[in-house]
*Asks:* 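I'd like to ask some things about the structure below.
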Amino acid sequence: MDNEKIAKVLGQLADLLEFTGANAFRLRAYRNGARKIKELPESISSLVDQKSDLVKLDGIGKSVAEKCIELCETGKLKQMDELLEEIPSTVLDLLNVPKMGPKKAAAVFHELGVENLEQLKAACEAGEVSQLSGFGKKTEQAILDGIAIAVAANERILWSAADKIVTKLRSHMQNCTAVGGLEFAGSYRRGKETVGDLDMLATSTDATAVMDHFAEFEDITSTIVRGDTKMSVRLDDEFQVDLRVVPEESFGAALQYFTGSKEHNVQVRSKAKQLGLKINEWGVYKIDGETEQWVAGTTEADVYKTLSLPCFEPELRESRQEFDWAELDQLPDLITVEDMRGDLHMHTTASDGRASIREMADAARQRGLEYIAITDHSKRVTMANGLDGQRLLAQWKEIDAINAAAEDDFVILKGVECDILENGDMDIEDDVLQHADWVIASVHYGQNQPRQQITDRIVGAIANPNITMVAHPTGRLLNKREAYELDLNAVFQAAVEHGKLLELNANPIRLDLKDTYLAAAKRNGIPIVINTDSHRPAGFADMRFGIKQARRAGLTKSDVANTKKVNQLLKLIGKA
DNA sequence: GCCGTTTTCGGCCCGACTGTTTTCAGTCG
């Protein structure tokens, strides 16, 4: 059983227990444990096999550890099965309905026998829900409206898609003279790979004018709430945008507060409490008996400074290691787009790209890059017109000629994205590969193979002396396809043993490796390569998505191989 | 249920908004 699954079961267990009115802190402990397990690069299942003491892991105590062991050894939880005899699992779907929390869901379940969304809809339409204590006509209607949303809008959108909405909203809001500062907080600002909603923050002395202006945004289809300082709307019947309007002196506090993450803020505010301070979205207050005195809030840096903390980069605010790093004065100096010198994964018209070698090279030059690698698909990828040995050798000859004729120092490396075949063989013969500067190995077929088999394929490729890097190592596509079953620790070990590199694919739907895996690769000392996998010149712009992801992993310039000058890179991979 | 440079027991972040209420519970972020 993989970590993802274990985390999911623990989360469901917490949800079910919430129906039974369990202690809120116990639920938090389960959910916190689930989060930690989900982010863990080591497989819990392997740790259990090795009889490692799970309690040593942060956030995992005796109880969660026992549940992990039970899950790994039997594939299920006795406690969970017992709960499911009382509460059907479909009841958990009720929690996806906006304005339906555990209390309301428990009420309709216990008092009306509602077990799923369909029955909830029927009960609302029959007017039964509004008869319950604590419910009224408005709540009933809100639930009815919410059922459609629960079905349609529970998918998070890609960061890149959120960024497009932000650009449009920003330009709309800047036409409002009442708006002073404007910033987008939340998971968008932290650069998470997907975004659930947008948190827009504005400073103004006239909140009404700001909200009125916001209400005119063309994509708004409904208003969820509107108060004195807060307004929430839905765009295109799905995506939610929240607006908060605060005075200028609260901008930093509000930005800190709404950027989150929730777990990061819990730590920040706990720390404040220890120091006799209170932090909310309006500022930092010194508590003196009964009185509260405002001491900071204009900028985020001021807020953190009152706690003797550095102003963490938003990408690091996940309550992972940032507080430990701060304590040791070891916060990483995060990588930026400007640090990048090369891009080592791209396609041309020879396979499934849309531009020639020269066009790709010129586009890279214009972006200020110093080198690229041309890495078209190998022959197994027939759909993409992949190249065989003969065509590759011809292409590399062409690249030699282009390099020789170049009037500047820009370098095109001769490469290939070589398929790792289902049986573990490489798609291109070694006597061809050995003439390349840069060989990417990647899996495109047989992604559903069992864990051991697919791990062996990738580990085998890493052991091949002609291979330089493994591309998109887990194969996941955000919101579309799960990562393949892979023993990542084995892959890391092989990469370390053979001195190989791993890719962070910057394509916004891939972002593979994900942040916690990148951080684990870094701990192992494995160099990361951030590539756009461009199929056209405009594709180079995707580099910023990869950089966001790298920053979330705490990567610095020195952790990423293609920040090096080309001769240093070639030295690193043993080609110079 | 988890955790500990004041603690192995006693804490565990904080406020806006709504609807159903006569002072507050539930939901959300």
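Letters A, B, ... mirror the listed sequences (proteins, then strands); counts begin at 1.
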*Asks:* Check whether any side-chain heavy atom of A/Asp242 sits under 4.5 Å from a side-chain heavy atom of A/Leu198, and report yes or no.
*Replies:* no
*Asks:* Using whole Å, report how far NZ of A/Lys103 lies from P of B/dC24.
*Replies:* 17 Å
*Asks:* Round to a whole Å and report the spacing from CD of A/Gln267 to P of B/dC14.
*Replies:* 14 Å
*Asks:* Tell me: NZ of A/Lys104 to C1' of B/dA25, nearest whole Å?
*Replies:* 8 Å
*Asks:* When you compare the side chains of A/Asp163 and A/Tyr188, does any donor N or O come within less than 3.5 Å of an acceptor on the partner?
*Replies:* yes
*Asks:* May I ask which nucleotide in the shown strands pairs with B/dT8, Watson-Crick or G-U wobble, both distances under 3.5 Å?
*Replies:* none
*Asks:* On DNA chain B, compare the nucleotides closest to A/Lys99 and A/Asn265; which residue's is nearer the 5' end?
*Replies:* A/Asn265
*Asks:* Tell me the interatomic distance from A/Glu140, atom CD, to B/dG26, atom P, rounded to whole angstroms.
*Replies:* 19 Å
*Asks:* Please give, in whole Å, the distance from B/dG15 P to A/Met231 CE?
*Replies:* 24 Å
*Asks:* Remember a base hit wins even if backbone is also touched, and classify A/Asn32 as base, sugar-phosphate or nothing at under 4.0 Å, heavy atoms.
*Replies:* nothing
*Asks:* Nearest whole angstrom, please: distance from the P of B/dC17 to the CG of A/Asp199.
*Replies:* 15 Å
*Asks:* Measure the distance from CD on A/Gln274 to C1' on B/dG4 and round it to the nearest whole Å.
*Replies:* 10 Å
